[in-house]
Structures are given as structure tokens and as C-alpha cells.
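See structure below.
Just so it is clear: chains get the letters A, B, ... in the order the sequence lines come, proteins before strands, and each one is counted from 1. The shown structure was predicted, so the numbers you read here are calculated from the model rather than taken from an experiment.
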Amino acid sequence: MLCSRATARHLARYAKRWQHTSARPALNSVTPDDIAHFAQFLPQNAILSTLSPVSVAPAEIEQYNSDWMGKYRGKSTTVLRPHTTEQVSKILKWCHERRIGVVPQGGNTGLVGGSVPIEDELILSLGNMSKVRSFDPVSGALVADAGCILEALTEHIATHDHIMPLDLGAKGSCQIGGNVSTNAGGLRLLRYGSLHGSVLGLEVVLPDGTILDNLSTLRKDNTGYDLKQLFIGAEGTLGVVTGVSILTSAAPRAVNNVILALPRFENVLPLFKSTRRHLSEILSAFEFIDRTAYELAVKHGQGKGLTNEESEGAECFVLLETSGGSKEHDEEKLNALLETLLESDPPLINTGVLSQSPTQFASLWRLREGVTEAVSKEGKAYKYDISIPLASFKDVVDATKEQLRKKGLLHENAVKHVLGYGHVGDGNLHLNIVAAAYTQEIEAALEPFVYELVSSYKGSISAEHGIGAMKTHAIHYSKSAVAVDVMKRIKHLFDPHGIMNPGKVLE
Amino acid sequence: MRPTTARLLNILVPVKRCVDYAVKIRVNAQQTGIDANVKHSMNPFDEIAVEEAVRLRERLKDKVKSITVVTIGPAKAAETLRTALAMGADSGIHIEVPESAPAPEPLGVARALRAVVERRRETDLVIMGKQAIDDDLGQTGQMLAALLGAAQATCASALEVDVEKRVARVRTEIDGGAQELVCTLPAVVTTDLRLNEPRYASLPNIMKAKKKPIEKLTPADLGVDLTPVLETIKVTEPPKRVGGGKVSSVDELVGRLKEAGFT
Ligand SMILES: Cc1cc2nc3c(=O)[nH]c(=O)nc-3n(C[C@H](O)[C@H](O)[C@H](O)COP(=O)(O)OP(=O)(O)OC[C@H]3O[C@@H](n4cnc5c(N)ncnc54)[C@H](O)[C@@H]3O)c2cc1C
């Protein structure tokens, strides 16, 4: 009794202390002495540093210092590319003792500035840890090094007729460890659920170098706290994920996809309802692309779909995919749906195309997946990855556009496009503002405007990309003070010196 | 037929159901062929041929009287015909062979196609793929033209038809440039990749295609024998590529090249 009250008091005090310590603990820069230490247990090719004695040209580590969008840039001098979990452990142990900040980096495709340093933290790249450890074709459990590229894993298990529970546009570069660390959602979430369900176990190196081996391949395991969940979506702030055990599914025997051209945005909701009713268990993706996003994708050569005549007059587009066990059964359902859609009065869709071959199937997907890339080719993007009620997708895009217009920023030399696309099935909209350059003025027009807008719909300011460096100040729009405080306590428990990805997620 | 009104154009497009080009080919355990239990789709060159026929109609309007697609294959090849019909062809002919039958060879196919042409007595233009991506033989078009005694233009990268003058103008790519051929109809034209970019079948057209007629025939109906004359002895995979390695210096590179026998 007394004991628990004492604990409560202690926690309360503890919480207060944290509320006042928002400044980051002082961290040290990497020195040549540190490099000498790392050289004792790392092979030569695993150390890239502008410091002596390695002294590579700064250009060689440039790619590690700048993020995928070219929006965030770190000043790190040193990149370590360990090959084994033990090496990761030794690196962290040293950095913990020496109080050197560490940024874990996977494929560096993150979209919130989480994967590059804010100052000169050491970059720990997982790229050299890329072995598949095991695959069980009976249970579908795949165990792999964190540095395995998502696409490589997809191909690896394809030979066993299995598919990964996630897929995203960055698959050719992003790593499974990065996916887990950002709790990436992607294009298959509707069907296969989030990583919180499909990850079976993790091997994590804690900030002090301790190896936490939780690489279970068990489907069910209720023994104590489910620690792995903490690292899913932790964005490298609690430790380094070095191994992932993940449940994969038998590959569907039949897949189809269709792009539909809709006359009005208002039709998306009834279309989604009708689709779910007709397709039920075979519906595996329902993706939304507004007209601006569609046109950018076509302009930048991201696949091909409808002819100009077919896309004319469409306000937005929907890509839907079916995955099932029987081609005939699936096609019958899909055809019944498409007939209903074309014949309903007024029709929900103008027209659409149905892929006729694996090549066309891939090409239709490229149109949707390629939007991210097309946007980055078109200009500098402000990306807001938000969860809001489906019915408000268009309102949010329109309101943002109006806000920029009011501020006089909607023109060729400032903001070129405001567009929306995303995972309708998950209530996740990617609101993108494509600008000629990143400027203070545009940012001030967008923030906190967008966050407040999302908050007014009781939405989330980060549906799947995470907080990173971009949204630390905005976390309170989606999380209560109590929740943020508990997060800070968890962070302190794992990482008392604050070396892991400093300045990310929590201020 | 009155000499004053030009005869309208009837186009025949042969299409083949092939293992899709995105599929990784695997040799079967007996080394007699490949694992056929994978995704199939229309031979890409045939898709281009169908597209070209449909574009001719879009340009020449009513002067194109009919676009007929024909395939030789098992029951499932009907899907390939439906795709072609959804792209805009008017009707299909399915020369059905059993699932277990060996793949027909170019000469057999060309004879079957000749029989189709002769049976219909009105084909002016055959547009077909220059090759099928499964066996890559690239002979059928030429054989068919020879059997019909018709003009031929292979590997077309542009096609124009003058219905009144009854000629086809074909651009084909040759070493170092292009040549223009003028053929008198009837003619056989085979397609190259640059001829066009095939459209996707739109939903309304897919629905319409379901109602278009497909005539079923057997090789016997046409009086042709598709039994192969070639014997496949063994099918093997190409040698596996061995991954490259990084060298750290020019000397090492030279050393490795010498080791590998380059001097
Ligand atoms: C074209 C494109 C499309 C995308 N589509 C989607 C999408 O549909 N859905 C979606 O959710 N996201 C999407 N993203 C963003 C997504 O978050 C990343 O692509 C991916 O999940 C990150 O993996 P990565 O290996 O590149 O990680 P990085 O970018 O390297 O890192 C991301 C974060 O995770 C941390 N981290 C990385 N590896 C580890 C590790 N082993 N241990 C601990 N921490 C680690 C980093 O410190 C950083 O905070 C997309 C990105 C691009 C460029």
C-alpha cells in the first residue's frame, strides 16, 4: 500500500522533472580516437569518416547526411556500416559511454527527416546486414537481418509462393528494419494489417549495447509485456533493430487491379461501400488519387492507364486490387461489381481499365506508387501524412489550397500544386504541397494551419510516416500531455543518456 | 463487285497466348519444357498488331469493314481473344487444340492461318507480331505471306493503308535507318515494338467484348495438321550469372583480368 503510494509520488515527481527538461542532454562529437576504437572491431570497409585516419571526402558521406526529399541535412562526420549484431552492440556500448548521438539509418527513404542527423551524430547504417536468417514455408515466418531491402525479401519468399504483409513505393530501397522502425503502413495494410500484428519478434540492440533477443517465430506468446511493440514505430529512438521476425502470407493465386475514373469526389465513399459489399474478402487495396496527383504521375512517366479521352472530366481516380484463391471466382465478383458501377444511375464511375496481364497490372500500380516520386520530380514537397475521416479528404485539400491562395502563395514561383492521394481503405490521406523551393513563408502558411485542420477532424497528424524531426513540436495535436509524458519516461528508461536519434519523435 | 466503289478493308490479326513477359521462366524437372503453370497473356507483338488494326479503323473509319482476331490454342486462349475484342476487334476465331497438345510450330500455324484466310475469301490485310516471345522463332508471318502468295513487310514501325489504291505503305527499320515499302493488298505486315503503344482495355469495352462472337474451329475443320516436325531434345536454363566483386586497386583489377584469361 505504502509502497505503491510512494511509487506514485515518485512517478509524479519524475514526470514533472521531464516536463521541464525539454533541452537535449549534451552530446559529444565523434573524434579520431573514437574512430581508432571502432577500427579495433570493425572491418575497414565498415567505417566511412571524414576524420583521420580514414579521411574520406565529404562527398562520400553526403548521401547519408541528406534525406530522400532533399529537405533535411545532417552534419555527420562518420558513418558506420556494421556486419553483425555484436558489432552494433559494441558501437552502441561505446557511444553510450562516450555520450555520442547515434542515428540508425536504413534505406534513408523516410519522409519526416528521422533518418538523418540534426547535428553531427554518428550514422549507423544497417545496409551491410542483409542476410535472410530463416524462412519457414509452413508457418510463413521469415527471420531476416534488419538491413534486408523490402523488395529483396519479397523476391526471396516469392520463390516459396509467399508475400510480405507490406508493400510500398520505396520497396527497392527501404529496409525491413526501417519499415518496422517507422511502422510503415503502405499498400497492403487493408488486407494484411499493420506491422503491430505481423511482426512476430525483434532483435534489438539497446542504447547501452545490451542485445535484446526477442526473435520469436511464435504466432502467440503472452508472456509478460510485449516489448517488441515498443520498437515498432519508435523511429530509432529506443534502440537499433538488428533482426526482424515477420509473418508472411501464402501468395494469392489470382490478383487483379482496376483504375476507375470518378466524375466527382463525392462518389468515393459510395464506391468504397459498394466495393466492399461486392468484393468482401478479396478486396486487397483501395487507393485514392486526385486529379492533380494523377496528372503529375502521368507527366513524370509513372506508368500508364487511361487514355486522355477516358480520363477527361474525372475529378479523381481509384485504384482497387483484388487478391484471392481462384481466378474464376474473383473475376466473377469483380465483373459483377464493375457492371453495377457502370449501370448505376447516375453512374458512380465514368470509366476505368482492368489490367489484362501482369505487365499491365504492374503498370497500373506504378501509377499510384509513382505519385511520391513524381511529386519529388516536380518540385519540393511539403508532405502531410494524415488520418482523417474519408468524407473530408477533399475538404482538407481544398481548405489548404484556399489558405495558400489567401496568403498569395499559390503561383508558379511559390506553391505549384496542392494534391491529395492515399489509402482510402485506411482513412489515410497524403496531402502534398509542391513548391518551387522550401521557404519559411510557405511553411508558416502551412503550419500550424494543417495540424489544426486535422485536429478539428479529430484526426492524426501522422498516419504512417512518423514524427521524425518534422513533427516533434506538433505531437500534441494528436497525443495528450499524459501520453507524451509516458513516452518520455519510456525513452529515459531505455536511453538515459539520450544518445538514440536525438531530437526525433520527442522534443 | 462494281469497279467504281473501292473494296472495304478486312483485317485479320492472329494472336497468341504466351507466358507473360514479366514472369520468370523456370525449366521443368524433366527438362522437356518450361513450367507452364504461370501467368499468361497476349504476346506483346500481337497486342501491337491488334492496336494497329484498331487505330486503322479510327483513322479510316467505315473503310475498315472488319477486324477479326484468330488464335490457335487451348481453351484458355479464349481469354486472349476476349482481350483483343475488348481492345476493339469485332469478332474472334478460336482454333482449339487440347491443353496437352504440343506447341504448334510456325509452318503449322502459317498453314492454319492460310486456311482461315482462304475460308473467308476476303482478307485484305493480315497484321501480326514479328515473333512470339515464348519461342522467339519469328517466321510465321513470312511463311504465311509465301503460302498466300501475298506481299509481305516485316518489322513495321509505321503503317498507312490507302484503301482506294489498295496499297499499304510500311516503314521498317533496317541497319542504319529506315526503309519505306509499298505493298499491294492483300499483304502480311508484321509488327515491331515501335509501331505503337497498345491501349488498355476499358471497362465499357470489356463488357461489350463479352457479347462479341467467337467462332470455334478445330485444326481438322481447316484440314491442317499441327503435329510438330521438330523434336525438342532437352531444355536447360542459361548458366547462372555469378555476381561481380569490387577490386580495391588498378593492380588488383589487372591481376584479376589476367587470371580470367584476358591479356
Ligand atoms: C517513394 C516512397 C513511398 C513511400 N510510401 C510509403 C507508404 O506507402 N507507407 C508508409 O508508411 N511509408 C511510406 N514511405 C515512407 C516510409 O517510412 C519509408 O519508405 C520506410 O518505411 C522507411 O524505411 P527505410 O529503411 O528507408 O528507413 P530510413 O528512412 O532509413 O529510417 C526511417 C526511420 O527509422 C529509423 N531506423 C531505420 N532503420 C532502423 C533500424 N534498423 N533500427 C532502428 N531504427 C531504424 C531511422 O532512424 C529513422 O528514424 C515512402 C517513402 C518513399 C520515398
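For B/Arg199 and A/Glu309, the salt-bridge test fails: no basic side-chain N is under 4.0 Å from an acidic carboxylate O.
The environment of A/Lys131 atom NZ is sparse: at most 12 non-hydrogen atoms of other residues, nucleotides or ligands sit within 6.0 angstrom. Around the CD atom of A/Glu266, the shell of radius 6.0 Å holds more than 12 heavy atoms that belong to other residues, nucleotides or ligands. Residue B/Tyr21 places its OH atom among 12 or fewer non-hydrogen atoms of other residues, nucleotides or ligands, all under 6.0 Å distant. Counted within 6.0 Å of CZ on B/Arg169, heavy atoms from surrounding residues, nucleotides or ligands total 12 or fewer; the atom is thus considered open. The neighbour count for B/Arg194 CZ, taken as heavy atoms of other residues, nucleotides or ligands under 6.0 Å away, does not exceed 12. Within 6.0 Å of NZ in B/Lys212 there are more than 12 heavy atoms belonging to other residues, nucleotides or ligands. Counting non-hydrogen atoms of neighbouring residues, nucleotides and ligands closer than 6.0 angstrom, the CD atom of A/Gln44 reaches no more than 12 such neighbours. By the neighbour-count criterion of 12 heavy atoms within 6.0 Å, atom CZ of B/Arg26 is sparsely surrounded, having that number or fewer from other residues, nucleotides or ligands.
Of the atoms belonging to B/Glu47, it is side-chain heavy atoms, and not backbone ones, that fall under 4.5 Å from chain A. Interface remark: A/Leu342 contributes side-chain atoms only to the contact with chain B (heavy atom separation under 4.5 Å). Contacts between A/Gln356 and chain B at a heavy-atom distance below 4.5 Å involve backbone atoms as well as side-chain atoms. Neither the backbone nor the side chain of A/Leu306 has a heavy atom closer than 4.5 Å to any heavy atom of chain B. Using a 4.5 Å cut-off between heavy atoms, A/Asn335 contacts chain B through both its backbone and its side chain. There is no contact between B/Lys24 and chain A, counting heavy-atom distances below 4.5 Å. Contacts between A/Leu341 and chain B at a heavy-atom distance below 4.5 Å are absent for every atom of the residue.
Annotation: the span from A/Thr359 atom OG1 to B/Asp20 atom CG amounts to 4.0 Å, rounded to 0.5 Å. Annotation: the span from A/Leu337 atom CG to B/Leu203 atom CG amounts to 9.5 Å, rounded to 0.5 Å. Once rounded to the nearest 0.5 Å, the distance linking CD1 of B/Ile206 with CG of A/Leu354 reads 4.0 Å.
Among the candidates A/Ser363, A/Ala158, A/Ala362, the residue making the largest number of heavy-atom pairs closer than 4.5 Å to chain B is A/Ser363. With chain B as the partner, the residue from A/Asn45, A/Val353, A/Val258, A/Leu260 showing the most heavy-atom pairs under 4.5 Å is A/Val353. Interface summary for chain A: among B/Ser202, B/Pro44, B/Pro204, the most heavy-atom pairs under 4.5 angstrom belong to B/Ser202. Heavy-atom pairs under 4.5 Å with chain A peak, among B/Ala86, B/Ser248, B/Ala22, B/Ala201, at B/Ala201.
Contact annotation: the side chain of A/Ile259 never approaches that of B/Tyr200 to less than 4.5 Å [non-hydrogen atoms, C-beta and beyond]. The closest side-chain heavy-atom distance from A/Glu339 to B/Lys210 is below 4.5 Å.
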